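Reviewing the structure listed below.
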Amino acid sequence: MNSTLAEIFEEFADLDREDQSQFLLELGDELPKFPSEQKTEENRVHGCQSQVWLITDVTGSGDEASFEILADSDSNIVRGLIAILQAAYNGKTAAEILKYDIQGVFRQLNLQQHISPQRRNGLKGMVDRITTLARKHAVSVTQTLSVTPVVAAPTVRKPFDVQAVRSQFPILNRPLASGSLPVYLDSGASAQKPRVVIEKEREVEERYFANAHRGTYQFGLRIDEEFEGSRSLIARFIGASDDSSVVFVPGTTIGLNMIAFGWGRKFLRSGDEILTTVMEHHANFVPWQQLSKQTGASLRLIPMTDDGRLDLSRLGEVLTKRTKIVAVTAMSNMLGTINPIRQIVQAAREVGACVVVDAAQSVPHLPTNVVEDDIDFLVFSGHKIYGPTGVGVLYGKPSRLEEMDPIHFGGHMISEVKIEESTWSAPPAKFEAGTMPIVQAIALGAAIRWVDEIGLEAIHRHEETLTSMLMDRLAPMPGMKIFGPALEHRGGIVSFRIDGIHPEDLAAILDQHGVFTRHGHHCTMPLHTALGVSATTRVSLAAYNNADDVEAFLSALHAAQSLSRSRKH
Ligand code: PLP
């Protein structure tokens with residue numbers, strides 16, 4: 001007879017490590033064995049050290065249907081873990097399984113402390129398989145039934161207070177050598193970090209640093225909890241339905257390369273087409289250009305309007321049955337243009353193309369929902385969303401991550417290594433070879449929690465007010481050319497040129513006034529060529545900027561103009 005969860009709790013939770021192992025072995029002994037025809041590759045759970053096969057039996061229909069977990073392993077301890085999963089999940093509906101706090105059960109059982117990291121990965125693999133099967137069932141039910149939408153409880157947030165936000169950034173409150181405070185207008189390149197992020201990094205380093213997914217000692221367990229906790233938080237922040245869809249990567253550039261060469265190279269053939277845009281950052285342009293050279297696929301561009309938006313009325317000219325990938329930025333890092341991703345995805349679906357979104361500039365400033373927008377892949381960097389450098393996120397739909405090949409090989413990402421051949425762990429481990437930027441990934445979680453607590457809608461509204469003020473004041477200046485669309489189509493980025501001062505000279509003069517902006521081609525050379533300029537000056541805003549920053553910038557710009565005029569006379 002199967003043990004109930006209550007019985008397991010009663011007998012198991014207070015046992016020490018050795019007795020827990022013994023108990024698991026005994027539970028495993030009771031588990032019925034699979035007949036050999038059920039031990040198929042299709043039923044195998046990847047990422048386990050031992051062999052595990054898992055299926056579900058569904059009784060009833062629709063959203064009332066209940067699940068029974070059937071599984072077997074060649075390891076008796078793992079069979080014991082299966083018995084715990086059965087006690088926890090059996091008889092639940094798909095919706096109940098998806099909401100169920102299985103980690104809470106493991107915590108109450110003290111299970112995570114007593115099993116090896118490999119076994120923990122295996123346990124996670126089984127849980128992932130169960131939730132994937134439950135999700136598939138839930139999706140098929142919602143597709144056939146009309147369901148009442150679940151309305152999220154409104155979140156009560158404090159009104160946006162820029163001074164309170166700004167006071168949390170030590171670097172912005174430390175005077176420069178001149179005695180004035182820095183006016184930081186280059187957040188599009190990298191945002192500054194609030195104290196909570198800096199302190200989180202320090203906390204990890206000083207109190208419990210260890211490698212992740214390796215040690216079962218106290219530091220190892222704490223670091224795993226923090227690392228995976230950060231992954232969960234990020235998944236919720238971008239609307240992903242599954243934590244394992246969130247892969248930690250070093251940043252947007254590497255993430256996009258992983259997609260181009262792990263997914264693109266596998267599926268693209270000569271004659272296929274990659275559709276991108278001229279407004280891409282080099283990170284979302286050069287990998288596709290190089291992939292097209294390697295595969296023989298051609299690179300095509302969505303036409304752009306004169307005011308720097310994508311001309312979707314002409315999408316049909318370039319999106320064809322041959323288009324396999326649409327790679328597009330959600331927000332241009334030079335024009336500031338916000339692109340209509342949902343509309344692009346809908347069009348791509350009609351030709352069966354995979355959509356890759358470069359969200360490096362959008363995720364810090366605009367709400368993102370990868371599931372609602374049906375995005376295949378989305379990538380962003382930690383350092384642009386008030387987090388550390390060296391870490392970013394690659395989101396992939398579970399099916400896309402399943403079919404994508406890893407391009408980095410080594411420790412942690414494997415399931416089994418033999419002399420002749422190796423197999424891979426399930427995502428996200430499959431794409432996280434070697435030691436991860438652990439501290440940075442954890443601190444990225446702190447950054448995202450910080451953003452979420454303020455609320456992206458409030459941040460966006462605040463940045464929009466400053467952008468409007470900036471554009472209104474710049475536009476009437478003689479010789480001024482602002483690139484990009486009207487306010488309603490852009491985020492807090494304004495790139496411009498002004499007659500008589502080269503962007504490089506302007507940057508130097510602004511710097512003398514303690515105003516930090518970016519100049520040059522901003523890693524968008526094809527776009528600058530299309531616009532007929534070699535360089536521009538870019539102001540990019542973030543939650544901590546205020547009207548005084550805009551005023552300080554404008555007065556430094558006027559000073560630069562006067563200086564340039566006086567030099568000419
Ligand atoms: N994509 C966009 C739109 C960007 O603005 C940037 C950085 O400026 C990148 C990609 C590259 O990001 P990272 O340098 O963090 O890889």
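We number each residue from 1, following the sequence as shown. Note that ligands are numbered from 1 as they come in the structure, with each ligand's atoms numbered from 1 the same way. Predicted, not measured: the structure shown is a model, and the values here were computed from it.
If you check the side chains of T329 and H281, you find no donor sitting under 3.5 Å from an acceptor.
Applying the 4.0 Å criterion to heavy atoms of Q361 picks out, from ligand 1, the atoms 3 (C), 4 (C), 5 (O). The contact set between ligand 1 and S381, taken as ligand atoms under 4.0 Å from a residue heavy atom, comprises 12 (O), 13 (P), 15 (O), 16 (O). Close approach of ligand 1 to H383 (heavy-atom distance below 4.0 Å) involves ligand atoms 13 (P), 15 (O). The ligand atoms of ligand 1 that sit less than 4.0 angstrom from a heavy atom of A360 are 1 (N), 2 (C), 4 (C), 10 (C).
Relative orientation of the F169 and Y544 rings is perpendicular, given thresholds of 30° and 60° on the angle between their planes. Relative orientation of the H521 and H528 rings is perpendicular, given thresholds of 30° and 60° on the angle between their planes.
Looking only at distances, a side-chain donor or acceptor of S332 sits under 3.5 Å from a matching main-chain atom of M334. Checked by atom type and distance alone, the side chain of S362 never pairs as donor or acceptor with a backbone atom of L366 at under 3.5 Å.
Of all protein heavy atoms, the one lying nearest to atom 7 (C) of ligand 1 is K384 NZ, 2.6 Å. In terms of protein heavy atoms, atom 4 (C) of ligand 1 is closest to H281 CD2, 3.3 Å.
No more than 12 heavy-atom neighbours from other residues, nucleotides or ligands sit within 6.0 angstrom of CD on E504.
Annotation: T253 places an N or O atom under 3.5 Å from an N or O atom of ligand 1; distance criterion only.
Residue I274 holds its CD1 atom at 11.0 Å from CG of L301, rounded to the nearest 0.5 Å.
Each of D549, D548, N173, D161 was scored for a side chain to side chain donor-acceptor pair (under 3.5 Å) with R166, with one residue passing: D549.
Of all the heavy atoms of E280, none lies under 4.0 Å from any atom of ligand 1, so neither backbone nor side chain is involved. The proximity of D358 to ligand 1, defined as any non-hydrogen pair under 4.0 Å, is limited to the side chain. With a heavy-atom cut-off of 4.0 Å, H522 does not touch ligand 1 at all.
Residue contacts with ligand 1 leave out H282, since none of its heavy atoms falls under 4.0 Å from the ligand.
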